Amino acid sequence: MLCCQHAPGPDAVGSALSPPPPPDRPTHAATRFWPLWCGAILIPVMLLALSGFVSWTATKDMERARIVQTVQMLRENAARTFATQQAVLTAVQQRIAGMDWPDIARSRAVAAFLHGMADGISTQAVGIVGPDGIPLYDTQHAVPPVAGAPGATEEPGVPATGPTAAIQRIGAATDAAAAVRLSLPRLAAGQPDGGVLWATLTAASFETFYRDVVENPDDEITLTRTDGRAVAAYPRGSAGQVVPRNAADARHDAGGEASASVRLWSDPRFLHGAARVEGLPLSIGYAVRWDNVRSEWREGFEMMVLITVAAMALLLLLTWRVSTHARREEMALLQAAEQAERRAEMEAAFRRGQRLETLGRVVAGVAHDFRNAVQAQIGGAELAQQAIDRGELSRARVVLKMIAESAQRAERLTQRMLRMAQDAPPPAGETPTLALRPAMEAATDLMRRTLGSAHAVRLEMAPTGLPALVQGDDAEFQATLLNLGLNATQAMPEGGTVTITVAPDQVQAADTGSDGLQPGRYVRIAVTDTGIGMDRATLARVGEAFFTTRAGTGGTGLGLAMARAFAEDSGGTLQIWSDGPGRGCTVTLWLAAART
């Protein structure tokens with residue numbers, strides 16, 4: 001009946017030994033890295049866009065700064081050049097001061113002075129125009145402007161208050177060279193009297209300088225009058241043409257803004273800069289094509305694109321390596337979890353098998369006691385029947401009492417076997433406890449019956465200081481001590497003595513070490529045999545799971561491993577010691593005292 005209730009059949013044991021089905025693998029191992037993949041692409045692209053915008057802004061700022069610097073340089077050059085012309089006209093003004101127009105027209109000294117000024121200073125030609133508009137002197141025999149010629153609309157007039165500039169042709173009509181002419185009114189008694197003094201410079205002198213200044217052949221430079229007509233320009237073909245202007249440009253030339261400032265504006269084709277030439281009705285302008293600005297920006301941006309592509313490739317590679325490594329680690333963790341679960345299931349199955357093996361040995365060992373108890377009960381029943389038949393009731397009562405005592409002994413033996421065979425876990429959240437003295441006495445009694453007469457079992461318990469309760473399951477405790485006793489008999493094939501010593505122990509904080517015991521109160525149970533002992537190599541491995549010195553004889557190698565697991569689950573530990581071959585072995589259990 002006992003075996004039918006608690007001994008699992010072969011199918012149950014086989015199913016317990018079979019590995020459990022693998023857990024479901026997560027399917028999101030790769031998809032959870034999508035933020036990294038997106039970031040590896042989006043971050044470089046966003047940085048490229050930001051860098052391109054910053055680079056484009058910086059390129060435009062650099063071009064504006066270059067235009068401002070170039071315009072300032074061109075304005076200084078124009079001011080110095082026209083300062084020379086103004087100095088020539090001032091000298092002519094002083095030479096003819098106090099002379100009337102007939103004297104000026106007849107004076108050879110004035111003519112010589114004008115020729116001397118034209119030859120000695122970088123001036124192409126010098127001339128004087130009378131109040132009636134008739135040229136009096138022209139050192140280069142300049143052809144008077146005719147209707148429709150460039151600048152003709154302003155040439156006959158007399159500057160009212162200040163200098164004027166114009167473009168005119170010097171020489172024959174077929175090979176005429178463009179010249180820049182600066183005019184000043186002739187003053188008499190400090191007031192204009194209708195005459196005009198003028199001096200010219202070749203436009204080529206300006207254009208040569210402009211050609212040396214431009215950084216790109218597509219850049220444009222213009223020296224313009226207040227009406228927008230170019231008096232000198234680069235490229236050369238635009239001299240004399242009317243330069244397209246907007247309202248802000250006109251206000252600038254008209255003095256609507258400070259003449260020292262450099263104003264910037266743009267149109268679909270050019271980025272412009274312009275400034276007034278101080279003291280003259282002229283503006284100098286510099287224009288850069290947007291195509292050239294964009295081309296310069298693209299040169300730097302292409303390098304940014306290459307760097308971005310390289311960075312993106314590196315980030316993608318790193319993301320791939322990280323995701324691959326993470327997947328490998330996850331697979332390793334899954335495999336480790338599967339192996340741990342499979343190992344736990346196998347250990348549990350082996351533990352049940354070990355318990356069944358122990359139970360079988362117990363049954364074999366106590367069968368004699370059960371037979372004696374049964375025979376005593378049968379014999380006692382017959383004696384009691386005979387005493388009743390003879391009317392000896394007092395004797396019948398004595399026999400019946402003996403029968404009851406024999407049944408009680410059998411019942412106690414059965415209860416011990418049941419407790420050892422039980423495998424029910426304690427309720428959740430509860431720590432199992434056992435009464436130390438009754439458990440030790442019961443375990444020792446069961447061990448004596450199981451080991452047989454060839455092996456003596458001696459129990460030595462400290463008379464005082466032992467805790468009443470210790471941590472641990474009663475059935476596990478019985479099975480653990482019985483396993484230790486059975487292991488001892490294997491080490492004493494010729495017979496011997498198994499001594500069980502029970503003593504209190506107190507672990508202080510300074511005593512904690514590699515044994516893993518926490519400070520507190522313990523009970524120390526040492527099971528010592530007088531068997532064959534162990535050498536150092538065997539002693540180093542004897543506590544490992546599945547290690548056995550009885551290979552081929554049915555040993556599982558889990559007895560001591562399960563004993564260690566029971567001790568650690570009970571808040572203690574296990575130690576094994578042997579002085580060497582032939583000197584026996586001692587297995588010591590520490591069990592924590594129960595908290596009351």
Side-chain angles (χ1 to χ4, degrees), residues 15-67 215-216 218 264 266 268-269 271 288-350 428-429 514 516 518 541 543-547 561 564-565 568-569:
S15 63
L17 294 177
S18 61
D24 294 337
R25 300 181 184 273
T27 58
H28 62 281
T31 58
R32 66 184 178 184
F33 286 97
W34 68 265
L36 288 178
W37 289 108
C38 293
I41 297 174
L42 292 180
I43 290 177
V45 171
M46 293 174 63
L47 290 177
L48 176 63
L50 179 61
S51 300
F53 174 76
V54 172
S55 174
W56 173 245
T57 303
T59 301
K60 291 191 295 184
D61 291 341
M62 290 177 57
E63 288 298 325
R64 290 189 179 100
R66 183 173 72 86
I67 289 173
E215 293 187 7
N216 194 297
D218 294 332
L264 298 172
S266 64
R269 294 182 59 198
L271 176 61
V288 176
R289 287 183 179 272
W290 279 118
D291 290 342
N292 295 334
V293 178
R294 284 187 284 267
S295 177
E296 181 179 354
W297 170 76
R298 277 195 298 268
E299 291 179 0
F301 187 70
E302 289 173 356
M303 181 59 66
M304 294 181 190
V305 172
L306 293 177
I307 295 174
T308 300
V309 171
M312 187 183 301
L314 179 60
L315 288 176
L316 290 174
L317 176 62
L318 292 176
T319 302
W320 175 78
R321 294 192 62 180
V322 168
S323 61
T324 302
H325 183 69
R327 284 196 296 271
R328 289 176 180 172
E329 286 189 347
E330 186 174 11
M331 293 298 298
L333 290 175
L334 285 174
Q335 293 175 358
E338 293 174 3
Q339 292 175 359
E341 185 176 355
R342 189 179 299 113
R343 185 184 184 92
E345 290 289 339
M346 294 178 66
E347 288 180 358
F350 277 117
S514 60
Q518 298 298 319
R541 297 193 58 195
E544 299 178 4
F546 306 108
F547 174 78
R564 183 186 299 277
E568 293 176 350
D569 291 342

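Everything quoted here is computed from the prediction, not taken from an experiment.
Asp291 CG to Arg298 CZ: the interatomic distance, rounded to the nearest 0.5 Å, is 7.5 Å. Atom CD in Glu299 sits 12.0 Å away from atom CE in Met304 (nearest 0.5 Å). A distance of 9.0 Å separates OG of Ser55 from CE of Met62, quoted to the nearest 0.5 Å. For the atom pair CG (Leu314) and CD1 (Ile307), the distance works out to 13.0 Å, reported to the nearest 0.5 Å. Separation of atoms CG (Leu316) and CG (Leu36) is listed at 10.5 Å; rounding is to 0.5 Å.
Salt bridge status for Glu63 with Arg66: present, with a side-chain N to carboxylate O gap under 4.0 Å.
For the pair Val288/Val293, a side-chain contact is recorded, criterion being any heavy-atom separation below 4.5 Å from C-beta on. Side-chain atoms of Asn292 and Glu296, non-hydrogen and from C-beta on, never get closer than 4.5 Å to each other. Under the 4.5 Å side-chain criterion, counting only non-hydrogen atoms from C-beta, Thr308 is not in contact with Leu47. Met312 places a side-chain heavy atom less than 4.5 Å from the side chain of Val45. Here the side chains of Arg64 and Asp61 are in contact, with some heavy-atom distance below 4.5 Å.
By the 30° and 60° cut-offs, the orientation of the rings of Trp290 relative to Trp56 is tilted.
With His325 as reference, Glu329 is the one residue of Arg327, Arg321, Glu329, Arg328 to meet the side chain to side chain donor-acceptor pair (under 3.5 Å) rule.
At least one donor-acceptor pair under 3.5 Å links the side chain of Thr319 to the backbone N or O of Leu315. Judged by distance alone, the side chain of Trp297 and the main-chain N or O of Gly52 form a donor-acceptor pair under 3.5 Å.
Smallest separation of non-hydrogen atoms from Pro44 and Gly39: CD-O, 3.5 Å.
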